[in-house]
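Quick one: structure below, then a few questions.
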Amino acid sequence: MAHQICPECKSEDAKKGALASSFVPVQMFPEHYRGAASPISAKYCNDCGYILSFYVDHPKDVK
């Protein structure tokens, strides 16, 4: 994970997390239909909880 500094609290303690609902991870689907998907992850500050970024884990899988 690239070194990041939190813009809210200036901490350097960033972690990777996965977005999830009650049953399954939140996934990115194509805009017009529900085809292949990919989980969505985030980088967040471990000290204050500020979300630094969201990203699609496997963007080429979203079809």
Side-chain angles (χ1 to χ4, degrees):
M1 182 182 307
H3 177 75
Q4 289 186 302
I5 297 173
C6 177
E8 292 294 310
C9 72
K10 308 303 182 219
S11 172
E12 297 181 17
D13 188 10
K15 301 287 184 188
K16 178 183 176 185
L19 292 143
S21 66
S22 298
F23 303 103
V24 296
V26 176
Q27 297 189 29
M28 178 65 65
F29 288 93
E31 182 178 18
H32 300 291
Y33 64 93
R34 293 181 67 90
S38 173
I40 299 171
S41 292
K43 290 183 185 174
Y44 67 94
C45 176
N46 196 44
D47 289 324
C48 74
Y50 185 85
I51 296 174
L52 302 166
S53 64
F54 287 115
Y55 56 94
V56 176
D57 291 340
H58 308 288
K60 294 186 182 204
D61 289 349
V62 180
K63 299 177 182 174

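These figures come from a predicted structure and were not determined experimentally.
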Considering all heavy atoms, the nearest Cys48-Cys45 contact: N-SG, 3.4 Å

Nearest heavy-atom neighbours spanning Tyr50 and Cys6: CB-SG, 3.8 Å

Can you name the residues that form a side-chain hydrogen bond (donor to acceptor under 3.5 Å, both in side chains) with Asp61, not counting sequence neighbours? none

Taking all atoms of both residues into account, what is the closest heavy-atom pair of Ser38 and His58, and its distance? OG-N, 2.7 Å

For Val62 versus Phe29, what's the shortest heavy-atom pair and its separation? CG1-C, 3.8 Å

Specify the closest pair of heavy atoms between Glu12 and Ile5, including all atoms of both residues, with the distance to one decimal. CG-CG1, 3.9 Å

Could you tell me if the side chain of Pro39 sits less than 4.5 Å from the side chain of Leu19, heavy atoms only? no

Least distance between heavy atoms, Ala42 atom then Phe54 atom: CB-CD2, 3.8 Å

Among the clusters formed by ILVMFWY side chains lying less than 4.5 Å apart, do Ile51 and Val26 turn up in the same one? yes

With rounding to the nearest 0.5 angstrom, report the NZ to CG distance, Lys15 to Leu52. 12.5 Å

